[in-house]
Amino acid sequence: MEDREKNIADSCSFAGIRPIMADLPYPPIRVQCANPACANLLSVDYCGAVSEMSAITQYINNENRLASAKCPIARTLLGIAMAEMMHLQKLGELIVLLGGTLDFTAPFRSGTRKLWTPEYLTIPEQARQMLQADVDAERAAIDQYRMHINRISDSGVNDVLERIIEDEEYHIMVLRFLMKRV
């Protein structure tokens, strides 16, 4: 086992990786007033089936499985995961300001709250399919963010969601570039 760990460490350095995101500032984290319904919508973005928690976990899983064979791709996925972590943090701040709680549950169709689960992830075996699953997840996130923007009347919240969409669109561009090289 030590030899394998040493080979991965020698062949794929993760030092110096930075978040991969659009080169734009984030708007200030602010809300007009407490709004539990809005907090519930953001909880879906935080830890629902299509969420930042799902994105982070899927990217890290793919990065780990690709690190020994496809280091440049693994490094890129880790950078994207870092940007998704920033999104999770910003959504968490908004949820708290809106009067919600951060307990890794999101409203479910039945009216109950469901705890985040790795069952939400798509985990294919081949690198190309991993990247396609990531593109599909980014598209679904963008669609969900746009739907939430249409339902939220708080400009402070919507400004942050619009900025997150910029990163998600950038991630799709990067992932498509990677797919051409696999």
For [X] and [Y], does a side-chain donor sit closer than 3.5 Å to a side-chain acceptor?
X	Y	answer
Arg65	Asn61	yes
Asp134	Asn62	yes
Gln132	Asp136	yes

Under the 3.5 angstrom rule, does the side chain of [X] hit a backbone N or O of [Y] as a donor-acceptor pair?
X	Y	result
Asn158	Ile152	yes
Arg75	Cys12	no
Arg128	Met179	yes
Gln32	Gly156	no

Do you reckon [X] sits in the same ILVMFWY cluster as [Y], going by side-chain contacts under 4.5 Å, direct or chained?
X	Y	value
Met147	Leu94	no
Ile164	Leu24	no
Ile20	Val135	yes
Val160	Leu102	yes
Val50	Ile80	no

Handout entry: Verdict with reasoning, Thr76 to Phe177, per side chain to side chain contact (heavy atoms under 4.5 Å, CB included)
Key = CA-CA 11 Å; Thr76 302; Phe177 175 83; over 6 Å; no

Handout entry: CZ (Arg151) with more than 12 external heavy atoms under 6.0 Å
Key = no

Exercise for the section: Taking atom OH of Tyr170 as the centre, report whether more than 12 heavy atoms of other residues, nucleotides or ligands fall under 6.0 Å from it. Expected result: no

Exercise for the section: Please lay out, stage by stage, how Leu91 and Leu161 fare under the test side chain to side chain contact (heavy atoms under 4.5 Å, CB included). Expected result: CA-CA 9 Å; Leu91 289 171; Leu161 298 182; 3.8 Å; yes

Side-chain touch [X]/[Y], heavy atoms, less than 4.5 angstrom:
X	Y	answer
Ser43	Thr105	no
Met86	Asp167	no
Arg163	Asp159	no
Asn40	Val44	no

Gap separating the [atom1] atom of [X] from the [atom2] atom of [Y], nearest 0.5 angstrom:
X	Y	atom1	atom2	answer
Glu84	Thr57	CD	OG1	10.5 Å
Lys90	Met85	NZ	CE	14.5 Å
Leu78	Ile73	CG	CD1	14.0 Å
Lys70	Met130	NZ	CE	9.5 Å
Tyr120	Lys114	OH	NZ	4.0 Å
His171	Met173	NE2	CE	9.5 Å

Handout entry: Residues Arg139 and Asp143 bridged, charged N to O under 4.0 Å
Key = no

Can you see which heavy atom on [X] is nearest to which on [Y], and at what distance?
X	Y	answer
Leu98	Cys38	CD1-SG, 3.5 Å
Ala83	Pro19	N-CB, 3.9 Å
Leu115	Asp103	CD1-O, 3.8 Å
Glu63	Ala74	CG-O, 3.2 Å

Practice task
Check side chain to side chain donor-acceptor pair (under 3.5 Å) between Tyr59 and all other residues, then give those that pass, not counting sequence neighbours.
Solution key: Glu138

Handout entry: Set of residues satisfying side chain to side chain donor-acceptor pair (under 3.5 Å) with respect to Ser51, sequence neighbours excluded
Key = Ser54

Exercise for the section: Tell me, with the steps shown, if Asp154 and Asn35 meet side chain to side chain contact (heavy atoms under 4.5 Å, CB included). Expected result: CA-CA 9 Å; Asp154 187 314; Asn35 184 331; over 6 Å; no

